[in-house]
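Below you'll find the structure, written out as structure tokens, and then a few comments.
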Amino acid sequence: MNSLPRSFYARSTITVAKGLLGKRVVRKIGSQRISGIIIETEAYLHKDDPASHAFRRKTERNKAMFEEVGRAYVYFTYGMYFCFNVVARNSKVEAGAVLIRNIHPEKGIDIMKKNRGKNNERNLTDGPGKLTQALDITKKQYGVDLTRNSELFITDGLLKRGKIIAAPRIGIKTALDNLWNFKILL
DNA sequence: CTTGGGATGGTCT
DNA sequence: GACCATCCCAAGG
């Protein structure tokens, strides 16, 4: 299965956030392969989104949000966890990214359990900090090109259609009337 | 099932 | 010096 092309990510951030639902995240580490189906995402925009890291200005941390679409934006948060985003925006705006919040584990479940230090399959990847732990995504993956079949990429999934639920984004205190958290019913 | 507090450190003001 | 796009565990219903 081939990676999604750059053009997939060169659309409005909200469109891409919805479009990523049902797609497959693949992590290759040596001969090991871990994968899961994306079931929850969030869109983060630019100047019109006070909850976004890119709201104020381009900085060392958020610069990926302003650079090439289809690459990974990884950041460290709460002193302990990494969050994995996909850079996505149309040509009219300067910054944007989609946070991957929840994936349904597919391949490499034993490796995920080992990476997480947990055996409970239910809590393996159902949160942005949990799935980066399970897939061993850290700042080393900052800026990785997700359109190439290398260490980390995204392909078409098996899910073609499903009902999408929009809700306020999690863990933020502003812009709560923007329903930019998206989930797909399996 | 839900709630609340602590862990922990980079980033921005 | 304050703020986090979080998670875990323990305690209560």
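So you know, we letter chains A, B, ... as the sequences are listed, proteins then strands, and number each from 1. Only this structure's heavy atoms are used, side chains among them; waters, hydrogens and symmetry mates stay out.
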Is there a side-chain polar atom (N or O) of A/R116 under 4.0 Å from OP1 or OP2 of C/dC8?
yes
Once you round it to whole Å, what is the distance between P of B/dC1 and CZ of A/R122?
6 Å
Length of the line joining A/F182:CZ and C/dA5:P, which is rounded to integer Å:
18 Å
Mind checking if A/G129 touches a base, just sugar-phosphate, or nothing, with heavy atoms under 4.0 Å?
sugar-phosphate
Spacing between A/E40 atom CD and C/dT6 atom C1', to the nearest angstrom:
13 Å
So, is A/K63 near the phosphate of B/dT11, with a side-chain N or O under 4.0 Å from OP1 or OP2?
no
Describe the nucleic acid contact of A/N85 in one word from base, sugar-phosphate, nothing, applying a heavy-atom distance below 4.0 Å.
base
How many whole angstroms separate atom CZ of A/F55 from atom C1' of C/dC3?
16 Å
Paired to B/dT8 by Watson-Crick or G-U wobble criteria (both distances under 3.5 Å) is none
Stacking check A/Y78 vs C/dT6 (5.5 Å / 30 deg):
yes
Regarding A/F76, tell me which of base, sugar-phosphate or nothing describes its non-hydrogen contacts under 4.0 Å with the strands shown.
sugar-phosphate
Think A/K139 has a side-chain N or O under 4.0 angstrom from the OP1 or OP2 of B/dG10?
no
Ignoring hydrogens and geometry beyond distance, is the side chain of A/Y75 in donor-acceptor contact with the base of C/dA5 at under 3.5 Å?
yes
Could you tell me how far apart A/I170 (CD1) and C/dC7 (P) are, to the nearest whole angstrom?
11 Å
Between A/R61 and C/dC3, does any side-chain N or O lie under 4.0 Å from OP1 or OP2?
no
Output yes when at least one side-chain N/O atom of A/R57 is less than 4.0 Å from OP1 or OP2 of B/dC12, else no.
no
Rounded to the Å, how far apart are A/L99 CG and C/dT6 C1'?
11 Å
Whichever of A/Y81 and A/T59 has the more 5' nearest nucleotide on DNA chain B, that residue is A/Y81
Write down the distance between CE (A/M65) and P (B/dT11), rounded to a whole number of angstrom.
16 Å
Can you check the A/H53 NE2 to B/dT11 P distance for me, whole Å?
11 Å
